[in-house]
Structure formats: C-alpha cells, structure tokens
Amino acid sequence: MATHCKDYDFLQIEPHWQTFWEENHSFRTTNDTSKPKYYVLDMFPYPSGAGLHIGHPEGYTGTDIIARYKRAKGFNVLHPIGWDAFGLPAEQHAVKTGTHPAANTQNNITNFRRQIKALGFSYDWEREVDTTDPKYYRWTQWIFLQLFKKGLAYVDERPVWWCPELRTVLANEEVIDGKSEVGSFPVERRNLRQWVLRITAYAERLLADLKDVDWPDSTKRMQEAWIGRSEGAELLFKLEAPELGDLKVFTTRPDTVFGVTYMVIAPEHPLVNALTTPAQRDAVDAYKKKAAGKSDLERTDLAKDKSGVFSGSYALNPANGARVPVWIADYVLMGYGTGAIMAVPAHDERDYEFAVQYQLPIIQVIEPAAAPAAAGEESVAVKLPYSGDGHLVRSGAYSGLPWAEAKQKLTADLTEQGRGKATVNYKLRDWLFSRQRYWGEPFPVLWVTEADYQKAAAVRAADLPPAPVTYRDAATNLTWFALPLPATALPLTLPEVQSYLPSGNGESPLANVTEWLEVWVNLATGAAVPATQAQPAGSEWIRGRRETNTMPQWAGSCWYYLRFIDPRNDQAFADPKLLAYWGVPDLYVGGAEHAVLHLLYARFWHKVLFDLGVVPQAEPFTKLFHQGIILGEDGEKMSKSRGNTVNPDDIIATHGTDTLRLYLMFLGPLEAMKPWNPNGIEGVHRFLQKVWRECLGREGEVNPKISDDASVDSAELVKLLHETIKKVGEDIESLRFNTAISQMMICINAIQKAERVSRATLQQFLQILAPLAPHITEELWARLGGTQSIQLAAWPTYDPAKLVATEQKVVVQVNGKRRAELAVPVGTQQDDAMKLALAHADSAPFLTGKTIKRIVFVPGKILNIVVE
RNA sequence: GCCCGGGUGGUGGAAUGGUAGACACCAGGGACUUAAAAUCCCUUGAUCGUAAGGUCGUGGGGGUUCGAGUCCCCCCCCGGGCACCA
C-alpha cells in the first residue's frame, strides 16, 4: 500500500495517499445513527478566478484536523464542502467576454476543487453542493416561497446606486468614493422596486438567542450592536395648529421631557409640507433639495456640521404645555424610530451642537447625583451636554426624582393621559433582498392583475401571504400582484440571454428575455408558455410577467449547511430524519468578516424554518470560530497589487501539503492575525523529516533502533509520550494547534535522543500527528506494519498513572526573587523544603543571618521566604 | 467619538497569580565531509563581570500581592467593528 521511496519524497507520497483515500471512499459519510455525530463545517468558498488564497487552507486545515481527530475518537463525522458560486465577478466576466457565467463558474470550481484536493482535506466529496445548480437553488427558491407565504417578503421602492454612464445598478462594493469601481463614473441614488425581507420581525429573537450560542464575544457584540435594541417611549406632541394633529417622537429619555426646547423632523418626514409656514416655504424647499441631493455618505461625512431649517410651526410639550419650534434637519433619520425627535440640548450631544449653532435655548433638567440638591432648584455648575446619572430639576412635580425612576413614572403618566407609550426600537432594518442582476436565483414570482390574483387565491390560498404583495407601477398607474409559483413548479431556472449587459432601465438582463418574461401561466401548476403564443385553453391560464430581479449572493449561503445533510434529496431540502440526526454544525469555522451579515441572515432563515417545524433547533451555528487573517511577509494585508500573496500550490510543490498544513497551524493561534514568514516553513519541514528518519533508515527500511519490546522505552520517554498524547488531544479539542505541534516537537526530539524506541511508542506518535499531517503518517504507519489506514485506528489513550512524577521541582525565592531550585519527592512539606532551602548553596547566602518574617509554600511549585 | 481585540528577545510565538521567553526561525561556534548540502552538538533577552555571579527586563506610569506578562486604575500605540439610531 505504501510507496517505496527511501527519502521523504512528499511529491510521491502525498498524491499516492490522496488517490488511496479517493479510491477507498475513506471519507464518505454514512448515516450510521448508532454512532454519535459530529458535524464540522467550513464557510464554503466563492470560487473566484484567482484561485485559492492562503487564508482558505488556514481555516480548512483547522477543521480537517478536528474532523480526523473526531473520527479517531469514534464519531460519525460530517465534513462537507461546496461552492457559493453566484456572485458579481462571474457576472462581470460574462459581461466582458460574452460567455455564460455558468461556464466561467464551472472552470473556477474545477480549479478550486483541484487545489483543495491537493491539500488532502477529508471532505466527503459525494456531498459537494453548488449554489448555482438548479437542483440546489430549487430549494433556495422553496425557502423564499415559505418566507413569502408567511408575509415576510414584500416589495418596496428603495434607493440603489445607479450609474448613468454604465446604465446599470451597482452593488455597494462596486461604488468607491461616489464613483463606479469600473470606469470611475459618477453614481447616483435612484429608487427602484426591490424585494425586502422582514428580518426586523425576528429582531428580538435574533438578539435574545445569542445567549444560547458559543461564539466569540466580539462577534456576539457586533450582532447585538447591529440589531441595536433600545428601550424608550413614543410621546405625542400636539401641534399648535390643531388640524395637523400630533407629532409622534421616539425617545430613550422621557425623563428629560421638561428640557425640550425644540423639535426636529427628518427632511423626508410626511408632515414637512404641512408644517411649513408660507414665510419659511422657500427656505424649507431649498433645504429639502439639498438634503435629497446628499448621498448617505455625504450625510454622515457632514456629521460634524449640522444643518437644518425652521419650519415655522410649533408643538406643545405634553408634560408642561411649553410651546417649542419644529425644525427640519437631516441629523434626524426617517428610517429610525418615528423620524422625529424631541430635542433636549442640555442632555444630548447632537441636540446640544444643533442648539448652539442655531442659538436655541438650553434647559438643564438633570443634575449629577453628587451635586448638592439645592432646594431653590439652583443648578450647580456642570458641563453640558450632560448625559450621566442624576436626579431631575426644573421638572415640576418630578423634580428631585432619580432619572431612572422619573423615566418610568413619566412614561406611565403620559401613557395614562394618552400622550405616550413605552416602546422598543431597533437599528436593524429590513433586508434588501433583490439585485438587478442576471447571475442569481430568479424569484419564483409572477406579477399578475388583481383579478387574476383573486382567481389564483381561490385555488391556492395556502401558498399566499396574509395580505397580497403588490406594486404600483408609477408609469402606468397599474397595481400588480405578486403570485408565487407553486413549489412543484420549482426550480425556476435562468433563461439563456443574448447579452449579460443590464437592460438599461434599471432592470436586470432578464427583462430583455421576452420569451421568458412575458408568459401565459397556469395558475394551479405554474406551467408557462411564452405570451407571444396563443393563450392555452382553460380558465386556469392567466397572463403574467416574471420578476426580473434575482436574489443576492447571501441567499444560497443562508441554508447550505442544511443541504449537506442530504444533498441529493429531490423531495425535500433534506430528509427530516436526517435533519434530526445531524442537526446543525457542532463547529463552524470561517472569517470574522462574516460576523454580521452572513451569520445574521442565516440565523434569520433558520428561525423561519424552525417556526415552520422543518428544522428541529432554533439556532444554526452552536459553536463558531474565526480563523485570523494571514498577512503578507511585509505585515501588510495580502493583495495582488502589493505582490505579497502566497499561492498554496507553490508551497505544496516545494515543501508538500503536510508541511504547509503544519506550518499554517504552527504560525500562531488560529484566531490571531499573523504575518506569513517563509523561513518558518523550514522548521516544520525539518520536524517531518525527523519523524521520517526516526521511523525509517537510510534505505527506507524500518529504523533499526525500533524494538518490538515495549520495555526499551525509558520511564521519562513513556511519561513524555503520555503527556504528549494528553496535551495534543486537549489542544486539538480547543483548536490550539500551535502548542500541540510544539509538544510533538518536544516528543520527537526526545525519541531522537533515545538509543532505542518501541514500535508502539512511534505508532502512537504517528497517530496523534495524523490529523495534522495525514499523508506522511499514513506512509510511515504502513511502513511500520500498519495493515489498515491510520485513520481507522482509534485515538490513543493516555494513562494518568504514567503522568505522575515521583520528583518535583520547587523554586526557592527570597523576597520574591528566584534563588535556588530544589528537587524534592512528591508530597514534600514546608518544613522539609525549608531545611533544604536553608542548606542549599544557592539560597543559603540570602538566608543566613536574616530574620524570616514569612514563608509562602505552594507544594510542588514555590517556596517564597520573606526576610528582613 | 463609542465598543471590542492586541502590544512579550533580531523574528513567529509560549506561559491555571508561582523559574518570563517553551517550541521554532534567524545568527554565531563546533563535529562529520576532500569540499559542500543534509544531519548532529553548543551558544543565543539586555547589561556589568576574567569568572562565580549580580542587576535590569513582557508599550509607559501608578496600585493590589509574599509573588504580576497575568488582577485593578490612568495614559500611549496598533488592528477590527460601529458611527448623527434620538
């Protein structure tokens, strides 16, 4: 089975064993439910044209080590890989070359697959998935239909980046400093019809359930911040002109309501026009125009420079009846809360800044707790704006109350008067789910007339949302109804197109494919024929226009971890029995750049599926780990333009995969950001050479120092071996591969120095090295007489009895400084240790003639003598 | 500005409050060799000293402790995230 090379010829050995694994289906995962399962998942890659980046094998090696280790520990391991293959680069390539993006995508996948296989990862290739495969995206579309049915998908006009020069919509990442990435043309905001997913309906659960997952704290915090829950109250301010009704604001500080000196509404607020008095009309119109012209970027850029305009109207404070002016300013966002605020400049930095700029009054109503509570409500000197702890002043009956108490009381009182209510707001916005692109999953939706929709509703009520999703076409003033395809009609595949160029009117290239776009559709079955043909007979045939938007790249990656459980199922996205057995990944490893979006979107979809009862658990990723970024040799981020990239293929050619894997793991903690250092590679390569030489002699024969007699191992070597087995196991479990490798280096160095070594010791050593360096260990295992693959060998166990030392070191310190080292029998007590220390040549000089004030003794560790 | 993470030899890094620098890389010296490569052995934080040995040393400054890289307070620098969210 093994090769016959004399030296460590990795170029021969590595492909040999990769072929062996492939031919023997060594990593095929069966659904053997008698074993405990372990599901370890990598974030699947986008197969870019550039090929594998050195960052890919870093995380992938980590999970591969875990997968191989868990198999050896008796687990049924699921370790799959696939391709997140929809995406912009393939589409741009298609636009440029005119070739179908699928062709380019398949080429890239072929290259990625070759590179990944050359790294010797133990993936079950029979479970490979590809998000662009209709057999896969059929189920992406199916999940969309479930969201649609639940009323979690709707259509709205939303601003997107539009480039008039390129006549296309651009993604955020294609816009750099207000110019298109391609060609540097100016871009503008344009409102287009978009699909939006109601992720905000899940905001509370997405936040609350973070407590149930084992994730890096920083990632949890990022998601928390992104969801941005804040508790407060909505308060109603009467407008002075009674016909205008109320102005509703959201505030987290109802306790400061007596400090309100003005109001602000966003320039997009629906009341802007009604509130503007004739005298202010011109100023307001000019301001609105200016605000509309600003991009989001400019609006934030100009954050320091606040601007606004007086509307001319006044509102009445519900707490004290005070008359306050209503301003219009773009530091208030329409998208959050009610788009209107009560401004309390004394206790809010932004309001303060604005008040100073426009010379609006500032009334302090909170005083620091430490300040003397003056009876005459004389305020003490405090730097405004003040947002710290304190009690109320100048707040009528509420004066003197601590702010937290006042907040509750004021909210309750205003609620009673019908002027407010406690509410919770989230920063999280609904998820803009459509792209005006070709290379994505088509939406399985047709736009039909209301009459046709009602007709469909009569037979397919179960497929429809509680309220119809509609869209009013501004040009024709017609309202269209979104009719989903029946699940049985999926997948809705992408049609062939003449050109991958966008249509030019903001719609995707699909809008140009009339045959596909305009159809007669059977409302019951979803069957369709082009509208250019005669309407088929039967009342179930209606006229429809297909949705031309496609789904964003996130869609396919939102649920792929479920498909791996049952990737060829054509009846369901996965068999419920298998979902029950495999559940969700036990470990998910990927970059921290996905800390928010991918992980939040996937959690959202998973919860929807959970609510539908099709997955058994509420969270998709119980344990998450981020591998760190590998920087270039120069300590800078790797990039082609800097020329500091590292290609895994090159390292494999010069040093072999096992060396690359080991080196990536030895570089430092997996989660750390660390620079690539080509010199360090030699160290781990030498280590593998050393392992080879300890096993085999010059001619490739079994090293004559190896004995079948276990008693040739010294007690120290036995102890070290067992320590190593223990530490390597523990380190692998906690993904501390760098220290596992260092321990194995210590162990092989000791083996090398020993004159004889038992075969059993070397075999166990090879076993614990096998997850990290699988090829060389297979080879040496076979050469040392292993008849089966080393993967099939159970993980060695360590004997705690062998770890017990008879002697211990005790460091003698005098006044905290190390002075001597004692070798004492285990269990030595303080008195005996003291005697030895007083007699020891190194420590005695520091002790004789001194008064001992205190002795600190930690058995087996330290003896610290405090002297005068 | 706010929230995280980090700062240890020439380099990557190691260290449950208990010998700082494990394990490697680099460098220097030696053995083997006709020579080289490979391999093996030794040295390798700084500093003073011929030496034994001493002193200093984990970004800076304070503190807690018998004892601090580790815990607490303040500050500096680097990386990441968020950024008018009321």
Side-chain angles (χ1 to χ4, degrees), chain A residues 7 216-226 228-230 232 249-253 256 264 266 299-306 329-344 347-351 353-354 387 425-429 592-593 595-596 626 628-629 631 633 635 637 663 666-669 671-684 686-687 689-690 693 736 738-749 752-753 809-821 842 845 853-858 860-867:
Chain A
D7 299 326
D217 266 357
S218 56
T219 303
K220 283 194 190 186
R221 262 190 279 264
M222 272 198 239
Q223 292 220 345
E224 275 167 20
W226 192 264
R229 181 182 200 275
S230 67
V249 302
F250 173 73
T251 177
T252 55
R253 295 296 302 274
T256 62
V264 182
R299 242 167 113 152
T300 32
D301 256 9
L302 299 171
K304 289 145 220 139
D305 236 357
K306 289 205 170 31
D330 67 1
Y331 82 90
V332 169
L333 309 174
M334 196 55 225
Y336 182 79
T338 61
I341 62 155
M342 59 179 220
V344 186
H347 305 291
D348 181 283
E349 216 170 297
R350 298 148 301 182
D351 296 344
E353 202 186 315
F354 191 81
S387 53
N425 256 304
Y426 299 92
K427 284 192 215 174
L428 183 68
R429 308 293 155 87
E593 66 273 19
V596 177
H626 299 306
I629 295 170
L631 303 171
E633 250 179 90
K637 219 169 181 174
Y663 179 58
F666 191 60
L667 213 46
E671 68 275 22
M673 178 186 282
K674 49 215 174 250
W676 179 262
N677 173 1
N679 295 328
I681 280 221
E682 299 300 334
V684 287
R686 267 177 228 159
F687 164 68
Q689 298 268 25
K690 200 179 279 190
R693 283 196 312 271
R736 293 194 309 253
N738 54 331
T739 49
I741 294 166
S742 135
Q743 181 67 31
M744 287 190 277
M745 285 173 166
I746 292 169
C747 191
I748 201 69
N749 287 345
Q752 186 210 92
K753 286 188 174 64
K809 257 192 280 183
V810 170
V811 168
V812 179
Q813 294 182 341
V814 178
N815 290 343
K817 281 197 200 301
R818 177 184 181 278
R819 294 302 178 188
E821 194 176 296
D842 291 343
K853 291 178 67 182
R854 185 170 173 187
I855 297 166
V856 179
F857 181 67
V858 183
K861 287 253 166 77
I862 213 125
L863 174 68
N864 190 10
I865 305 157
V866 185
V867 298

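A, B, ... follow the sequence lines: proteins, then strands. Residue 1 opens every chain. Being a predicted model, the structure only gives us computed values, none of them experimental.
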Contacts under 3.5 Å, N or O only, protein and nucleotides 53-55 of chain B:
residue: B:G54; atom: OP1; partner: A:R819; partner atom: NH1; Å: 3.4

So which protein nitrogen or oxygen atoms get under 3.5 Å of nucleotides 48-50 of chain B's nitrogens or oxygens?
none

TODO: Could you encode protein contacts along nucleotides 6-15 of chain B as a string, one character per nucleotide from 5' to 3', using B for base contact, S for sugar-phosphate-only contact and - for no contact, with a heavy-atom cut-off of under 4.0 Å?
DONE: ------BSS-
Open item on the list: Using a 4.0 Å heavy-atom cut-off to protein, can you give one letter per nucleotide of nucleotides 36-43 of chain B, 5' to 3': B if the base is in contact, S if only the sugar-phosphate is, - if neither?
Closed with: ---SSS--
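Taking atom P in both B:A20 and B:G13, the straight-line distance is 23 Å, to the nearest Å. Taking atom C1' in both B:G7 and B:G53, the straight-line distance is 33 Å, to the nearest Å. Comparing the same atom, C1', in B:U16 and in B:A68 gives a spacing of 14 Å after rounding to whole Å. One P atom belongs to B:C2, the other to B:G17, and the distance between them is 30 Å to the nearest Å. Comparing B:C77 with B:G59, their C1' atoms are spaced 7 Å from each other, to the whole Å. Taking atom C1' in both B:G45 and B:U58, one finds a spacing of 11 Å when rounded to whole Å. One C1' atom belongs to B:G21, the other to B:C72, and the distance between them is 26 Å to the nearest Å. As rounded to the nearest Å, B:U43 and B:G62 have C1' atoms that lie 39 Å from one another.
In this structure, of B:C26, B:A22, B:A86, it is B:C26 that holds the atom nearest to the side chain of A:N679. With distances taken from any side-chain atom of A:S230 to the nucleotides B:G18, B:U19, B:A86, the minimum falls on B:A86. Comparing B:C25, B:A86, B:G18 against the side chain of A:D348 picks out B:A86 as the nearest.
Across the interface with RNA chain B, nearest-nucleotide mapping of A:G683 and A:F250 shows A:G683 to be the residue nearer the 5′ end. For A:G337 and A:W226, each mapped to the nucleotide of RNA chain B holding its nearest heavy atom, the one lying further toward the 5' end belongs to A:W226.
Across all strands shown, B:U34 forms no Watson-Crick or G-U wobble pair with both distances under 3.5 Å. When Watson-Crick and G-U wobble pairs are counted only if both distances are under 3.5 Å, B:G57 pairs with no nucleotide at all. Applying the Watson-Crick and G-U wobble criteria (two distances, each under 3.5 Å), B:U70 pairs with nothing in any strand. B:A24 is paired with B:U11 under the criterion used here, namely a Watson-Crick or G-U wobble arrangement in which both key atom distances are under 3.5 Å. In this structure, B:U64 makes no Watson-Crick or G-U wobble pair, since no nucleotide meets both defining distances under 3.5 angstrom.
Partners of A:K690 according to the salt bridge (Lys or Arg N to Asp or Glu O under 4.0 Å) rule, which considers only residues two or more places apart in sequence or in another chain, do not exist here. Residues meeting the ring-ring contact (aromatic ring centres under 6.0 Å, His included) test with A:W676, sequence neighbours left out: A:Y663. When the salt bridge (Lys or Arg N to Asp or Glu O under 4.0 Å) test is applied to A:K853, the partners found at least two apart in sequence or on another chain are A:E868. Applying the side-chain contact (heavy atoms from CB on, under 4.5 Å) criterion to A:T252, with sequence neighbours excluded, gives A:S230, A:F250. Scored by the salt bridge (Lys or Arg N to Asp or Glu O under 4.0 Å) test, A:R736 finds A:D731 as partners (sequence neighbours excluded). Applying the side-chain contact (heavy atoms from CB on, under 4.5 Å) criterion to A:D7, with sequence neighbours excluded, gives no partner residue. With sequence neighbours excluded, the residues satisfying side-chain contact (heavy atoms from CB on, under 4.5 Å) with A:Q223 are A:L210, A:W215, A:L599, A:L600, A:R603. Evaluation of the side-chain contact (heavy atoms from CB on, under 4.5 Å) rule for A:A820 yields A:V812, A:H840, A:D842, A:S843 as partners, not counting sequence neighbours.
Base orientation of B:G57: anti, since the glycosidic angle falls outside 90° of 0.
As judged by a 4.0 angstrom heavy-atom cut-off over every strand, A:N749 is placed among residues touching the sugar-phosphate backbone only. As judged by a 4.0 angstrom heavy-atom cut-off over every strand, A:V866 is placed among residues touching the sugar-phosphate backbone only.
To the nearest angstrom, C1' of B:G1 lies 11 Å from CD of A:E353. Between the P atom of B:A86 and the NZ atom of A:K306 lies a distance of 14 Å, rounded to the nearest Å. Going from atom CE of A:M334 over to atom C1' of B:A86 covers 14 Å, rounded to whole Å. When rounded to the nearest whole Å, the span between CZ of A:R221 and P of B:C3 equals 11 Å. Regarding A:M744, its CE atom lies at a distance of 14 Å from the C1' atom of B:A24, rounded to whole Å. B:C3 atom P lies 12 Å from atom NZ of A:K427, rounded to whole Å. Counting to the nearest Å, the P atom of B:U65 and the CD atom of A:Q813 are 17 Å from each other. One interatomic measurement links the two molecules: CG of A:L863 to C1' of B:C66, which rounds to 11 Å at whole-angstrom precision.
Counting only heavy atoms from C-beta outward, the side chains of A:Q752 and A:I748 never approach each other to under 4.5 Å. For the pair A:N864/A:R854, no side-chain contact is recorded, criterion being any heavy-atom separation below 4.5 Å from C-beta on. Taking the side chain as every heavy atom from C-beta outward, A:H626 and A:T219 approach each other to under 4.5 Å. Contact annotation: the side chain of A:Y331 approaches that of A:I341 to within less than 4.5 Å [non-hydrogen atoms, C-beta and beyond].
When all heavy atoms are compared, the tightest approach of A:Q813 to A:I862 is NE2-CD1, 3.4 Å. The minimum heavy-atom distance linking A:M342 with A:D351 is given by the pair O-OD2, 4.0 Å. Smallest separation of non-hydrogen atoms from A:F687 and A:M744: CE1-O, 3.7 Å. In terms of heavy-atom proximity, A:L333 sits nearest to A:D330 at CD2-O, 4.2 Å.
Residue A:Y331 places none of its side-chain N or O atoms closer than 4.0 Å to OP1 or OP2 of B:A86. Close to B:C66, at under 4.0 Å from its OP1 or OP2, lies a side-chain N or O of A:R854.
Checked by distance alone, A:N864 brings a side-chain donor or acceptor within 3.5 Å of a matching partner on the base of B:C66.
No more than 12 heavy-atom neighbours from other residues, nucleotides or ligands sit within 6.0 angstrom of CD on A:E349.
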